[in-house]
Trainee: 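Got a structure for you, written out below as structure tokens; questions coming shortly.
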Amino acid sequence: MRIDLHTHSSVSDGTESPAELLATAAAAGLDVVALTDHDTTAGWSVAEAARPAGLTVVPGMELSCRWFPPDERPISVHLLAYLFDPLHPGFAAERARLRDERLARGERIVAALAEAGYPVDWTQIIERSEGGVVGRPHIARALVDGGAADSVDHAFATLLNHRSPYYVAKVDTDVREGIALVREAGGVPVFAHGLATKRGRIVGDAAIRAMVDAGLLGLEVDHPDHSADEREHLRAMAADLGLIVTGSSDFHGTNKATPIGACTTDPDQYEAILAAGTGSAPYRD
Ligand code: AMP
Ligand code: ZN
Ligand code: FE
Ligand code: FE
């Protein structure tokens with residue numbers, strides 16, 4: 001069994017539609033794939049309808065969160081959530097707030113870039129996001145198309161990273177609240193790429209323990225952005241704390257170089273997610 005539990009479609013900031021993504025997953029020989037777009041479940045029904053025979057699809061999401069260290073700026077953390085009830089009112093309201101927040105902040109980044117003479121237009125970016133969730137990768141695409149960057153990675157390295165003068169932070173969900181909402185909605189919360197120092201500041205072990213106290217059930221250990229040392233540290237913590245261990249590609253289509261299935265989850269860990277998730281069910285034969 002080959003299981004990839006973290007992928008993004010064009011419903012958020014991947015480049016393949018949910019149907020294309022599932023075809024890519026099947027062609028890559030995956031047996032199970034989770035669709036985990038940022039802050040939205042808009043791709044779930046499309047994925048259910050477009051699922052190729054033989055492929056199991058786990059409905060999921062990646063929630064944008066923050067950890068608040070004492071005496072320090074908040075740290076961005078991403079929470080994977082599987083098999084939750086998409087209609088749980090409190091959780092649905094928080095996702096709607098996050099999507100509005102993304103729009104407001106995206107518009108501010110684009111306005112600052114346009115003011116400085118970069119070839120970006122907010123109306124065009126909104127149109128090209130096709131009603132999906134807007135993120136910095138959409139702005140990166142516009143910069144590439146306008147000739148201001150060679151690639152999405154280059155746009156991030158020069159203009160869109162959090163040290164850039166054009167960067168605007170989002171007001172993301174307090175991660176302990178996010179974990180509580182996922183659990184209330186019957187879902188399984190897993191800390192995404194928790195020690196990926198190459199992505200920016202990371203939280204310490206004490207924060208991970210506090211997240212477990214709040215109801216966290218798993219750690220994403222095998223992720224393309226984790227070094228071997230980072231994986232070993234997380235694997236040991238998961239063993240120590242009795243947590244589920246996952247592995248996944250964080251596939252974004254051509255917005256990132258990583259192919260689907262680049263990292264995978266062990267079947268027994270996938271079974272533990274199925275056993276813990278009560279808010280919705282996988283789509284399968
Ligand atoms: P946002 O959610 O709008 O803050 O944008 C973050 C998204 O940009 C995440 O999906 C990241 O995976 C992606 N991202 C961050 N850094 C890079 C990079 N250097 N190249 C491509 N994508 C990136
Ligand atoms: Zn993304
Ligand atoms: Fe992430
Ligand atoms: Fe992701």
Side-chain angles (χ1 to χ4, degrees), residues 4-16 18 21 34-40 42-43 60-67 74-82 95 98-110 112-113 120 122 125-126 129 132-144 149-164 166-173 175 178 189-203 219-226 246-258 260 262-263:
D4 185 344
L5 293 181
H6 183 166
T7 68
H8 298 270
S9 76
S10 55
V11 163
S12 63
D13 56 6
T15 54
E16 298 186 0
L21 185 150
L35 180 66
T36 55
D37 279 305
H38 297 282
D39 307 322
T40 182
M61 197 181 70
E62 186 174 17
L63 187 70
S64 305
C65 295
R66 306 198 287 187
W67 169 257
I75 298 175
S76 164
V77 296
H78 288 177
L79 190 68
L80 290 159
Y82 302 106
R95 294 198 297 276
L98 277 170
R99 293 194 296 269
D100 288 348
E101 178 67 23
R102 283 177 166 281
L103 283 171
R105 113 21 144 114
E107 189 168 13
R108 284 175 63 199
I109 295 176
V110 168
L113 286 167
V120 284
W122 182 239
I125 289 172
I126 291 295
S129 74
V133 163
V134 181
R136 281 179 288 163
H138 295 97
I139 305 172
R141 283 263 147 203
L143 287 164
V144 173
D150 299 336
S151 64
V152 168
D153 269 340
H154 184 225
F156 268 92
T158 51
L159 295 168
L160 294 173
N161 63 76
H162 68 277
R163 283 181 221 89
S164 159
Y166 304 105
Y167 179 74
V168 180
K170 307 192 293 312
V171 179
D172 292 334
T173 310
V175 68
V190 172
F191 187 17
H193 46 72
L195 292 189
T197 44
K198 65 177 280 191
R199 302 177 69 103
R201 288 183 307 147
I202 56 160
V203 302
L219 299 177
E220 187 181 53
V221 172
D222 291 303
H223 182 284
D225 291 346
H226 279 153
T246 70
S248 33
S249 64
D250 203 354
F251 179 68
H252 277 73
T254 57
N255 273 345
K256 279 191 188 171
T258 318
I260 204 163
C263 298

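As the structure lists them, so they are numbered: ligands from 1, and atoms in each ligand from 1.
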Trainee: Is the H252 ring parallel, tilted or perpendicular to the H38 ring (thresholds 30°, 60°)?
Mentor: tilted

Trainee: If I consider every N, O or S atom in H38, which one ends up closest to the Zn ion (ligand 2)? I only need its name.
Mentor: NE2

Trainee: Identify, by atom number and element, the atoms of ligand 1 in contact range of D13, meaning under 4.0 Å from any of its heavy atoms.
Mentor: 7 (C), 9 (C), 10 (O)

Trainee: What's the verdict on side chain to side chain contact (heavy atoms under 4.5 Å, CB included) for L160 and L143, showing C-alpha distance, side-chain angles and the deciding distance?
Mentor: CA-CA 10 Å; L160 294 173; L143 287 164; 4.1 Å; yes

Trainee: If I take every N, O or S atom of H193, is at least one of them less than 2.8 Å from the Fe ion (ligand 3)?
Mentor: yes

Trainee: Other residues, nucleotides and ligands only: do more than 12 of their heavy atoms fall within 6.0 Å of CZ on R201?
Mentor: yes

Trainee: To the nearest 0.1 Å, how far is atom 13 (C) of ligand 1 from its closest protein heavy atom, and which atom is that?
Mentor: F156 CZ, 3.8 Å

Trainee: So, applying side-chain hydrogen bond (donor to acceptor under 3.5 Å, both in side chains) with N255, which one of R141, H138, H8 is it?
Mentor: R141

Trainee: Which of the numbered atoms in ligand 1 are under 4.0 angstrom from any heavy atom belonging to R102?
Mentor: 1 (P), 2 (O), 3 (O)

Trainee: What I want to know is whether H252 and ligand 1 share at least one N or O pair that is separated by under 3.5 angstrom.
Mentor: yes

Trainee: Using the rule given for salt bridge (Lys or Arg N to Asp or Glu O under 4.0 Å), can you reason through D250 versus R199, listing the C-alpha separation, both sets of side-chain angles and the distance that settles it, and then say yes or no?
Mentor: CA-CA 13 Å; D250 203 354; R199 302 177 69 103; 3.8 Å; yes

Trainee: Can you give me the ND1-the Fe ion (ligand 3)-OE2 angle for H78 and E62, to 10°?
Mentor: 90°

Trainee: Can you tell which of H193, H78, H6 makes a side-chain hydrogen bond (donor to acceptor under 3.5 Å, both in side chains) with E220?
Mentor: H6

Trainee: Going by the atom numbers of ligand 1, which of them fall below 4.0 Å from some non-hydrogen atom of G135?
Mentor: 3 (O)

Trainee: Given side chains that start at C-beta, do those of F156 and P137 come closer than 4.5 Å, heavy atoms only?
Mentor: yes

Trainee: Which ligand 1 atoms are under 4.0 Å away from a heavy-atom of R199?
Mentor: 11 (C), 12 (O)

Trainee: Nearest to atom 6 (C) of ligand 1 by heavy atom, R136, H154, R105, K256: which?
Mentor: R136

Trainee: Taking 2.8 Å as the cut-off, does D250 contribute an N, O or S atom near the Zn ion (ligand 2), distance below it?
Mentor: no

Trainee: Write the atom name of the N, O or S atom in H252 that is nearest the Zn ion (ligand 2).
Mentor: NE2

Trainee: Please list, in number order, the atoms of ligand 1 under 4.0 Å from a heavy atom of H38.
Mentor: 10 (O)

Trainee: Only heavy atoms of V152, strictly under 4.0 Å: list the atoms of ligand 1 that pass.
Mentor: 21 (C)

Trainee: Given L98, D153, I109, V133, identify the one with the heavy atom nearest to atom 20 (N) of ligand 1.
Mentor: D153

Trainee: Regarding D37 and S9, do their side chains bring together a donor and an acceptor under 3.5 Å, going by distance alone?
Mentor: yes

Trainee: If you take all heavy atoms of Y82 and T36, which pair is closest and at what distance?
Mentor: CE2-CG2, 3.8 Å

Trainee: Could you walk me through whether R95 and T40 pass the side chain to side chain contact (heavy atoms under 4.5 Å, CB included) check?
Mentor: CA-CA 7 Å; R95 294 198 297 276; T40 182; over 6 Å; no

Trainee: Measure from the Fe ion (ligand 3) to each N, O or S atom of H38 and report whether any distance is below 2.8 Å.
Mentor: no

